[in-house]
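Below you'll find the structure, written out as structure tokens, and then a few comments.
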Protein chains: 2
Amino acid sequence: MFAKHEHAHCIEDAVKSAERICEERNLRFTDLRRRVLELVWQNHGAAKAYDLLDQLGDEYSAKPPTVYRALDFLQENGLVHKINSLNAYVGCQHPLEHRDCFFLICSDCQEVAECCAGDVASSIRELVAAHHFAPRRTTVEIEGQCQQCQQCQGLD
Amino acid sequence: MFAKHEHAHCIEDAVKSAERICEERNLRFTDLRRRVLELVWQNHGAAKAYDLLDQLGDEYSAKPPTVYRALDFLQENGLVHKINSLNAYVGCQHPLEHRDCFFLICSDCQEVAECCAGDVASSIRELVAAHHFAPRRTTVEIEGQCQQCQQCQGLD
DNA sequence: TGTGATATGTAATATTATAACAATAACATT
DNA sequence: AATGTTATTGTTATAATATTACATATCACA
């Protein structure tokens, strides 16, 4: 599996930068949105919408739209990514440059690593230009086995 | 929109090559599987599972598992691709080399173009190698506007 | 013809996501 | 502070996508 760590720190950072971003853009970073962002980060892998819903528990009168709206807001503002191949959500590692992000998804440990590879981005730009296509959103999701899980080969 | 054409021809070709492939691999290309493959190709854009289900109509006693099983078979054998960002399915243009396929998805006309770009594939291979990641499946989906739809800009 | 494996039928249900409308909170202006 | 406006959240219902579990049928072949 990917290296796990105590990431209270990550959560805190993510929330702080979300606050800054929303302030700059004049957006409302409400309690609910903050809470959903925290929960997304709290999961090691990608978080499923209905798990977030459970985790919200009674704090908020949480029904599906509650969570999906918060996730929509967070996605629109580059704070989380949706992983389509998992129907799940991960926090964005660098919301200020929320572009050209690619994902390595480990099928064994369920961790998702976000990568920003200039070469991939530029080869995709060329591909798109060659087809005179105007891209709005690009998804690159690579499912497989991460380094750690390759080493454990069925030991866990 | 992408150029449309009468593609009875495409369907025929797709079915023929599926037949060949299944024969070579000793797989059963049953009537149901053939019919689902035809229906997938019959749609201009990507086909949704429940639309296929409707289109199967009374020919087969079609319930959801009927369609999903056929789609699973076709996917496993490289005959169709699932487009995750649409929850929909398209026929593979070259099932014999069903690898490194990327998709340009037009949000206006809903057509999906399959591309095979060596540069993209190799930059992804490098990215993956740099992370010592063992890829099993790679998804590249680019949503945007195709050339034709850019030219029509709201004329339709 | 019988046997095991593969494929399909069927009912039920799980999972993921949205629509529609009501209530509330925040914000801007007077 | 009162008002109008917009953005956010609450609530109910339902739509859309996909799977489980088990029964039945078909195929391949000894």
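Every chain is numbered from 1, with letters handed out A, B, ... down the list of sequences.
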For the pair made of [atom1] in [X] and [atom2] in [N], what is the distance, rounded to whole Å?
X     : N      : atom1 : atom2 : answer
A:D31 : C:dT24 : CG    : P     : 18 Å
B:D54 : D:dA15 : CG    : C1'   : 14 Å
A:Y60 : D:dG10 : OH    : P     : 9 Å
B:Q75 : D:dA18 : CD    : C1'   : 12 Å
A:E76 : D:dA7  : CD    : P     : 12 Å
B:N77 : C:dT6  : CG    : C1'   : 14 Å
A:N26 : C:dC27 : CG    : P     : 9 Å
A:L27 : D:dT8  : CG    : P     : 8 Å

Does a side-chain N or O of [X] approach OP1 or OP2 of [N] to a distance below 4.0 Å, or not?
X     : N      : answer
A:N87 : C:dA17 : yes
A:K48 : C:dT15 : no
A:R33 : D:dT8  : yes
A:Y68 : C:dT18 : no
B:Y89 : D:dA18 : yes

| Nearest to side-chain heavy atoms of A:L32, which nucleotide of D:dT20, D:dT9, C:dG9 | D:dT9
| task | Would you indicate which nucleotide in C:dA20, C:dT10, D:dT8 comes nearest to any side-chain atom of A:T30? | result |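 Out of C:dA20, C:dT10, D:dT8, the nucleotide with an atom closest to A:T30's side chain is D:dT8.
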| Residues B:K16, B:E12: salt bridge by 4.0 Å N-O rule | yes
| task | Have a look at A:F29 and say if it touches a base, only the backbone sugar-phosphate, or nothing, with a 4.0 Å heavy-atom cut-off. | result | nothing
| If you find the nucleotide of DNA chain C closest to A:R69 and the one closest to A:R28, which residue's nucleotide is nearer the 5' end? | A:R69
| said: Quick check on DNA chain C: between A:K82 and B:F73, whose nearest nucleotide comes earlier from the 5' end? | reply: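 So the residue in question is B:F73.
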| query | Short question: side chain of B:R33, backbone of B:R28 - any donor-acceptor pair under 3.5 Å? | reply |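 Flag set: sc B:R33 to bb B:R28 pair under 3.5 Å.
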| request: Answer yes or no: is there a donor N or O on one side and an acceptor on the other, between the side chain of B:N77 and the main chain of B:F73, under 3.5 Å? | output: yes
| query | Is it true that the side chains of A:S123 and B:S123 contain a donor and an acceptor less than 3.5 Å apart? | reply |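 Present: a donor and an acceptor within the cut-off.
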| Looking at CD of B:Q75 and SG of B:C92, how far apart are the two atoms once the value is rounded to the nearest 0.5 Å? | 11.5 Å
| query | Is there a stack between B:Y50 and D:dT17, judged by ring centres under 5.5 Å and planes under 30°? | reply | yes
